[in-house]
Amino acid sequence: MTAQPPAILTMTGISKEFPGVRALDNVDFRLFPGEVHALMGENGAGKSTLIKVLTGVYGIDAGTVVLQDRPVNFHAPSQAQQAGVSTVYQEVNLCSNLSVAENIFLGRQPRRLGRIQWSVMNRRAAELLKRLELNIDVTRQLSTYSLAVQQLVAIARAIDIDAKVLILDEPTSSLDADEVAQLFRVMRQLKSEGVALLFVTHFLDQVYEISDRITVLRNGRLVGEYPTAELPQLELISLMIGKELADLEKLEEQPKRPISAVETGQPFIQAQGVARTGAVAPFDLSLHPGEVVGLAGLLGSGRTETARLFFGADRADQGQFLVDGAPVAIRGPMTAMSKAIAFCSENRRTEGLVGELTVRENIILALQAARGWTRPLSRKRQDELVDRYIRTLQIRPANPEAQVRNLSGGNQQKVLLARWLITEPRLLILDEPTRGIDVGAKAEIQKLVVELSDGGMAVLFISAELEEVLRLSHKIAVLRDRRVVTELVNDDTVDADRIMNAIASGAGRPADHLVAGPSDTDEVAA
Amino acid sequence: MSTAELTASRRTWRDWVPTKQLPVLVTLALFGLMYGVGVLQYRGFSDTQVFLNIFIDNGFLLVVAVGMTFVILTGGIDLSVGSVVALSTMVSSSLLTEKGWSPYLVMAVVLAIGSVLGFLMGCMIHYFDIQPFIVTLAGMFLARGLCYIISTDSIPINDKTWVAIADYKFRMGNYRLSVSAVVALVVLAIAVWILSYTKFGRNVYAVGGSEQSALLMGLPVSRTKIAVYTISGFCSALGGMLLTFYTLSGYGRGAIGLELDAIAAVVIGGTLLTGGSGYVLGTMVGVCVLGIIQTLITFQGNLSSWWTKIFIGVLLFAFIMLQRVIRLGRKT
Amino acid sequence: GDGEGGSGGGGADDGQIVLGFSQVGAESGWRTANTDSIKKSAEAAGIKLQFSDAQQKQENQIKAIRSFIQQKVDVIAFSPVVESGWDTVLKEAKDANIPVILTDRAVDSQDTSLYKTFLGSDFVKEGKLSGEWLVEQYKGKTDPVNIVELQGTTGSAPANDRKKGFADAIAAAPNLKVIASQTGDFTRAGGKQVMEAFLKAHKDIDVLFAHNDDMGLGALEAIEAAGKVPGKDIIIITIDAVKDGMQALADGKFNFIAECSPLLGPQLMDLVKKVHAGEAVEPRIVTEETTFTQEQAKAALPNRQY
Amino acid sequence: MSVTTVIRHRFFWPVLALVVLLVSNVFFTPDFFKLEVRDGHLYGSLIDILRNGAPLILVATGMTVVIATGGIDLSVGSVVAIVAGLACYYISKQPDQNAVSGVLTAVALGLGLALLLGLWNGVLVAGIGIQPIVATLILMVAGRGLAQLITGGQIITINSDPYDLIGAGYLFTVPFAILVALFVVFLAVLLTRRTALGMLIESVGGNAEASRLAGIRSRRITIMVYVFCAFCAGIAGLMVSSDVSSANGNDAGLWIELDAILAVVIGGTSLLGGRFSIAGTVLGALIIQTLTTTIYTTGIPPEVTLLFKALVVTIVCLLQSPAFRAKVFRGRRRPVAPPATPASEEPKVEVPA
Ligand SMILES: Nc1ncnc2c1ncn2[C@@H]1O[C@H](COP(=O)(O)OP(=O)(O)OP(=O)(O)O)[C@@H](O)[C@H]1O
Ligand SMILES: Nc1ncnc2c1ncn2[C@@H]1O[C@H](COP(=O)(O)OP(=O)(O)OP(=O)(O)O)[C@@H](O)[C@H]1O
Ligand SMILES: [Mg+2]
Ligand SMILES: [Mg+2]
């Protein structure tokens with residue numbers, strides 16, 4: 001096509017097979033300097049695999065890679081890095097036992113006379129993060145920060161490496177609009193410096209906002225390469241999903257029941273003055289059967305921590321919960337589950353799945369835990385349940401005996417969701433359930449939430465995508481600085497702007513006594 | 001607002017106690033407590049030389065434990081250290097006494113043998129993806145077997161240089177430190193420096209934190225992993241040499257079970273066996289704790305053999321419990 | 001250490017002799033009996049015993065001896081874990097004017113002034129006595145005699161020495177041949193397992209020589225399970241003469257035992273007193289030991305204390 | 001089943017190692033595989049291997065589940081010695097050592113104590129949160145002393161026919177010890193695979209935090225596995241003491257923890273926890289016992305024994321390592337490029353056949 005600058009990276013005829021799965025089949029891919037190239041495809045289409053094959057994480061079965069006119073064959077990510085390819089992989093791959101600054105500079109620490117200069121490193125790390133509008137204590141251990149911060153740190157690390165090619169595999173999956181904007185600003189600047197950017201995301205608006213060119217993969221095969229400007233959104237979706245446009249109409253959203261129809265009778269669960277020192281300030285929140293309550297707030301505002309209290313993942317040290325009007329001490333996940341509460345964590349890799357176990361085992365895990373080890377689910381029953389949810393959520397590969405760790409990121413998320421759905425909870429807490437999920441599946445999940453709530457299930461819904469929260473929730477609790485600042489009934493008057501206003505001018509001051517706890521958080525310049 | 005201001009304004013008293021170093025500090029405090037008990041309980045315990053003797057008597061253990069710290073920080077383990085220590089005592093003594101080699105050449109050979117063994121184990125662990133426990137267990141059998149091949153008897157060392165080194169004392173007023181104690185402290189200092197001020201040292205922590213992440217971050221994982229086992233092999237060989245300064249002999253059945261002492265010292269010093277967290281200075285405190293337990297028992301002087309073991313167990317238990325209680329107490 | 005003079009006699013305030021004793025460990029019944037005997041006789045002799053267990057580690061023994069020196073005991077006695085490497089610490093003891101007595105095993109120091117005396121059994125001799133008895137049994141016969149040997153823990157002194165003594169003795173009779181030799185770690189279980197394997201691998205075993213009674217006792221069970229009669233089909237020679245071993249000998253299951261007595265407490269206390277008083281003592285004192293045949297065992301068994 | 005499915009089976013290499021070891025014995029002992037009935041019971045080298053391996057099989061089975069939770073139990077050797085000591089001590093104090101009731105009480109006492117010791121380990125690990133290796137190191141050291149305390153550092157010899165049955169007796173011509181080991185292994189398999197326990201253990205070992213958030217009572221499970229492990233070690237203790245009709249506090253079970261861990265790993269269970277295989281462990285234990293027996297029968301001198309052991313362990317582990325097989329058997333397909341100049345590499349295109 002445009003033959004003006006020669007491609008910096010050309011991949012031809014790439015194939016990659018895992019035992020039982022053909023992840024890539026004769027895929028071609030080109031990347032030009034000074035462009036943002038979006039790699040699109042459904043969950044499991046092979047996007048991450050293509051990236052890993054390129055950077056030497058996996059060996060290539062067949063095909064050639066040419067970087068700057070020279071054929072390359074990397075055997076380790078370090079080689080790719082040295083050749084000028086810098087990568088942010090899909091799951092956050094940092095060392096959470098080290099400080100933020102170290103994570104950014106590992107392997108490239110500023111040194112004098114062979115001695116690492118810690119103060120220089122910390123200063124530069126802070127400066128670098130400020131470029132992404134992140135003001136945090138960089139000497140703190142990375143694990144004390146939320147996933148979103150970790151994602152930003154990974155990005156900071158990648159962009160600081162002086163690279164000719166920058167690969168970002170779903171960097172925005174846990175980021176809020178603000179952070180995304182910052183990231184895009186940085187990406188544009190790099191682009192203007194002639195860096196070639198490869199960008200993977202499931203957010204279509206982001207694709208159209210930033211990318212110049214799109215390559216679509218489906219089932220490990222190349223569908224085609226298109227200039228973004230010439231590819232309408234719906235057509236892109238149909239290319240990814242491989243269905244006709246007409247079929248997509250089904251994914252259109254359904255009308256939501258009005259709140260008056262939901263908030264009747266006794267709430268299923270009520271939080272009264274619940275709080276946890278150093279984590280969340282006292283708050284009240286109630287959920288009725290069939291009600292979807294969204295939590296909105298900026299990154300690190302305490303949505304996750306609030307949700308964890310409902311499940312007993314962390315124990316509340318103030319206030320009380322009423323379930324069906326009766327006080328209940330939620331001491332741990334077991335008590336919560338006995339009250340039919342389910343919690344789908346945002347951090348699927350460390351808090352959700354057991355990578356070594358199979359899809360089937362991961363799905364039945366919570367149900368089995370609730371029954372106790374002496375009453376195993378019969379194999380027949382397991383297969384029934386698992387098959388049903390593999391079909392409903394379109395988990396791929398549709399093999400219940402596949403190891404979960406080998407699934408693509410989005411499919412892992414679906415497995416986690418399935419685990420909680422089969423427990424048939426009365427309250428389902430979904431923390432970023434659509435993180436890393438493709439458009440088709442996302443619509444399915446949203447539809448599912450609506451169906452479930454219609455069926456009488458209460459849902460506590462957290463998402464970095466405000467639109468999603470708005471679309472699904474009957475009521476939205478707005479958080480700021482780990483304090484519930486206001487509660488909005490989601491009627492026609494409420495839109496993204498109003499919520500942003502609520503966040504910005506939120507009623508409460510920052511809770512000073514909270515911010516410096518041991519599980520301290522980042523700050524976001526508002 | 002600058003970051004510095006931001007963070008400064010948010011500091012509370014908690015921040016003044018360094019969270020990361022806490023396990024080491026707690027261990028140190030408990031060591032002080034035990035020392036105090038010894039001073040109150042036994043005559044002559046307060047003599048500073050008793051304290052220095054801990055280093056003189058355990059110099060070799062300290063060196064071995066320092067090597068072990070590197071390995072454990074990467075999430076591995078090295079069971080071969082005890083046997084490699086024994087092997088180096090055998091190699092030194094047989095080369096010196098039976099072959100009459102020059103002592104400096106012997107030192108070089110011994111250190112080389114240890115490092116090569118460590119290097120080979122590291123390669124097996126990394127390239128063939130075999131669990132460290134098993135590879136080093138095989139290494140343990142191998143080194144011990146080599147000892148017996150050299151001789152099943154103990155071999156004395158009469159070499160002049162060796163004896164001179166063994167007898168040399170650094171004096172500070174009334175107090176003495178042996179060469180091996182000083183060597184051990186130097187090794188410790190070097191290890192502290194490597195682990196906190198070199199790229200390699202930080203890579204050790206990164207690999208221990210998450211090997212996969214380290215790999216994806218483009219760190220030289222293979223080099224790091226192989227290097228830590230080489231270091232451990234080197235330290236074991238050096239430890240074996242220090243042991244020969246202590247005993248002036250080589251014995252194939254020496255240092256049996258030393259690997260457990262070394263691991264215990266590392267872990268008591270606050271390092272996590274899962275890797276990625278800990279300090280080599282903690283290891284020193286761990287060695288001191290083991291040393292003081294031994295000293296207490298010697299001063300006690302009338303424990304029967306089995307009560308000695310039970311007493312060691314009870315002290316270990318008390319120690320670890322206190323460590324836990326103090327740390328938990330801070331968390332909430 | 002600084003302080004008052006530091007010559008012998010300053011240990012206990014009441015003029016009681018203080019003996020620092022560093023034991024190898026508690027690795028076997030023999031060793032424990034040894035410890036027991038020393039503790040009991042110290043008490044009987046009115047000697048204050050500072051006991052320390054080295055858990056089979058030379059380092060610990062050196063530490064213990066150093067600590068004895070620091071505590072200014074009157075006499076130091078110890079059973080060395082190994083032969084070599086004692087010069088330094090023994091010199092320290094000598095400088096501090098504390099006499100040293102070796103028990104159970106010798107050290108290989110060139111400078112014999114470092115210790116007053118060595119009280120103990122002679123492992124080589126035990127092996128030799130066993131071998132000589134066997135040679136005697138087959139005197140005048142030329143048929144090949146197949147011997148299997150159960151060794152003690154590899155690298156331990158009794159195993160090395162007994163093996164050597166035995167080999168030296170049977171070298172006199174060319175028809176006696178050790179066809180298999182394996183370690184049974186001085187334990188019954190070890191003896192049993194190894195003997196089982198020997199019985200399968202070698203069809204014509206005439207003699208079993210075990211480095212201690214326990215391995216012999218274990219081997220007994222293996223031999224019986226194989227349908228052979230111990231003491232008849234296979235001649236059994238062992239060392240130690242513990243009660244169970246003597247019983248087997250008296251029952252005709254063993255054929256010969258060379259004694260290795262752990263009960264050297266009384267002798268040791270005598271020596272301690274003499275050494276403390278500055279009397280001259282023999283540099284080498286062999287413990288009173290003997291050998292037993294089946295007949296002798298029957299006679300000796302009733303008053304066997306260990 | 002095709003040849004490739006056989007070769008691909010995860011037990012292929014360990015089984016091959018076992019077979020090679022067994023067969024190599026034939027060169028030294030021609031009738032190595034011969035089984036005969038002597039004095040009304042089975043007799044032969046294979047039976048010896050099974051019977052002598054029974055304690056190791058037991059301990060390794062217990063160790064497997066502990067390792068599956070990501071833990072380790074160093075104290076099993078001491079538990080073996082304590083239980084052996086206690087049972088024999090009790091029997092030795094009985095007026096009639098042959099009384100079945102006395103023996104049963106001794107067995108119950110021993111196993112009861114084993115359960116308590118396991119509980120102790122479990123509470124230290126799961127309740128107090130001490131690292132398993134240290135928690136069990138405490139009992140490893142102190143327990144050995146305890147065993148010696150019970151036996152007075154001496155060997156307690158007993159003459160009890162009912163007690164002898166456990167380790168040295170026969171039932172239906174088969175050594176009783178083999179039956180006991182089989183039964184416990186069967187029980188373990190049943191408990192872990194017929195209930196959900198196995199999966200929950202693997203989940204805890206695979207990802208402890210995720211398991212907690214899935215509502216698994218990981219604490220309880222962890223305590224349970226340590227109790228089970230000590231129980232297995234306890235039975236092994238009864239077995240070894242009964243085998244030689246005596247208890248030896250100093251030597252019983254010495255270093256058995258290393259052999260057990262080795263067996264577990266040879267059997268394909270990762271020391272990091274997660275997936276476990278009891279069948280694999282039994283296989284591993286048999287390999288180790290066969291190795292020991294082979295050393296005895298082939299007349300390898302004791303000084304070389306350890307070298308030989310190192311060699312075999314290395315070979316077995318190498319064969320088991322997929323990375324090794326990939327690198328060595330199929331040749332290396334991708335030459336390793338020097339990291340600094342990756343771009344100068346010629347592209348290597350391989351098309352899988
Ligand atoms: N290590 C592996 N072993 C086996 N199969 C794998 C492995 N890694 C990936 N796969 C399979 O390869 C296919 C492609 O996965 P990949 O991770 O590339 O998808 P993706 O396009 O990145 O999807 P997502 O949007 O969900 O991240 C999937 O079917 C996945 O199950
Ligand atoms: N398990 C934990 N341990 C320590 N600190 C934690 C933990 N979980 C959360 N935090 C801290 O608490 C802060 C509050 O984060 P939380 O995840 O609740 O916010 P959020 O609104 O969900 O934001 P995000 O969108 O980043 O997930 C986080 O920034 C993090 O630093
Ligand atoms: Mg992906
Ligand atoms: Mg969150």
Side-chain angles (χ1 to χ4, degrees), chain C residues 25-36 53 55-56 148-155 159 163 179-203 213-215 217-222 224-228 242-245 247 306, chain D residues 25 28-32 34 36 38-39 41 43-49 51-53 55 141 144-145 148-149 151-157 164 167-168 170 175 240-241 243-255 289 292-306:
Chain C
E27 77 279 10
S28 64
W30 189 95
R31 186 66 63 191
T32 323
N34 180 244
T35 306
D36 239 33
D53 180 308
Q55 323 250 348
Q56 282 100 272
V148 293
E149 182 181 25
L150 287 172
Q151 299 183 29
T153 310
T154 311
K163 183 177 161 70
I179 56 167
S181 178
Q182 188 52 258
T183 173
D185 285 317
F186 282 134
T187 64
R188 288 189 194 183
K192 186 174 180 182
Q193 276 199 35
V194 175
M195 195 63 200
E196 278 173 355
F198 280 171
L199 287 165
K200 308 277 167 11
H202 307 281
K203 294 293 156 219
D213 288 341
D214 285 333
M215 289 192 292
L217 290 166
L220 267 190
E221 303 191 9
E224 281 168 350
K228 301 203 173 185
V242 300
K243 216 191 241 160
D244 287 343
Q247 183 69 52
Y306 140 80
Chain D
N25 272 289
F28 299 88
T29 317
D31 51 2
F32 185 79
K34 197 169 116 191
E36 55 186 315
R38 257 189 216 182
D39 295 346
H41 46 75
Y43 179 85
S45 296
L46 291 180
I47 294 294
D48 286 353
I49 290 176
R51 207 201 50 220
N52 292 328
V141 176
R144 186 59 64 183
Q148 290 174 334
L149 184 69
T151 60
Q154 290 295 343
I155 295 176
I156 301 180
T157 306
D164 277 357
Y170 295 84
V240 294
S241 59
D243 189 20
V244 288
S245 302
S246 63
N248 182 342
N250 316 309
D251 277 311
L254 200 61
W255 303 121
Q289 186 59 44
T292 312
T293 306
T294 306
I295 287 170
Y296 296 158
T297 47
T298 53
I300 290 171
E303 306 85 60
V304 195
T305 306
L306 282 173

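A quick note: this is a predicted structure, and the numbers were derived from the prediction, not measured. Letters go in sequence order (proteins before strands), and every chain restarts at 1.
For C:D214, the part lying near chain D is the side chain, with the backbone staying farther off; criterion is any non-hydrogen pair under 4.5 Å. D:T298 does not touch chain C: none of its heavy atoms, backbone or side chain, sits under 4.5 Å away. For C:A33, the parts lying under 4.5 angstrom from a heavy atom of chain D are both the backbone and the side chain. Contact of D:L254 with chain C is not made at all, since no heavy-atom distance falls under 4.5 Å. For C:Q193, the parts lying near chain D are the backbone and the side chain together; criterion is any non-hydrogen pair under 4.5 Å.
For C:K243, there are no salt bridge (charged side-chain N to carboxylate O under 4.0 Å, His left out) partners two or more places apart in sequence or in a different chain. For D:R51, the salt bridge (charged side-chain N to carboxylate O under 4.0 Å, His left out) criterion is met by C:E196, not counting sequence neighbours.
Atom CZ of C:R188 is separated from atom CD1 of D:I155 by 4.5 Å, given to the nearest 0.5 angstrom. Atom-to-atom distance recorded for C:T187:OG1 and D:D251:CG is 5.5 Å, nearest 0.5 angstrom.
A cation-pi arrangement is present between C:K200 and D:Y43 under the rule of less than 6.0 angstrom and at most 45 degrees off the ring axis.
Nearest approach of C:F198 to D:Y296, heavy atoms of both residues: CE2-O, 3.8 Å. Between C:A201 and D:T297, the closest heavy-atom pair is CB-O, 3.8 Å.
Proximity of a side-chain donor or acceptor of C:Q182 to a complementary backbone N or O of D:I300 within less than 3.5 Å is detected. With C:K192 contributing its side chain and D:V244 its backbone, the two residues share no donor-acceptor pair below 3.5 Å.
The candidate with the highest count of non-hydrogen atom pairs below 4.5 Å against chain D, out of C:G190, C:G191, C:A226, C:G227, is C:A226. Chain C forms more heavy-atom pairs under 4.5 Å with one residue of D:S246, D:S245, D:G299 than with any other, namely D:S246. Each of D:L306, D:D243, D:T293, D:T292 has some count of heavy-atom pairs under 4.5 Å with chain C, and the biggest count is that of D:D243.
Checked against D:P302 for a side chain to side chain contact (heavy atoms under 4.5 Å, CB included), the options C:V194, C:T183, C:D185, C:T153 give a single hit: C:T183.
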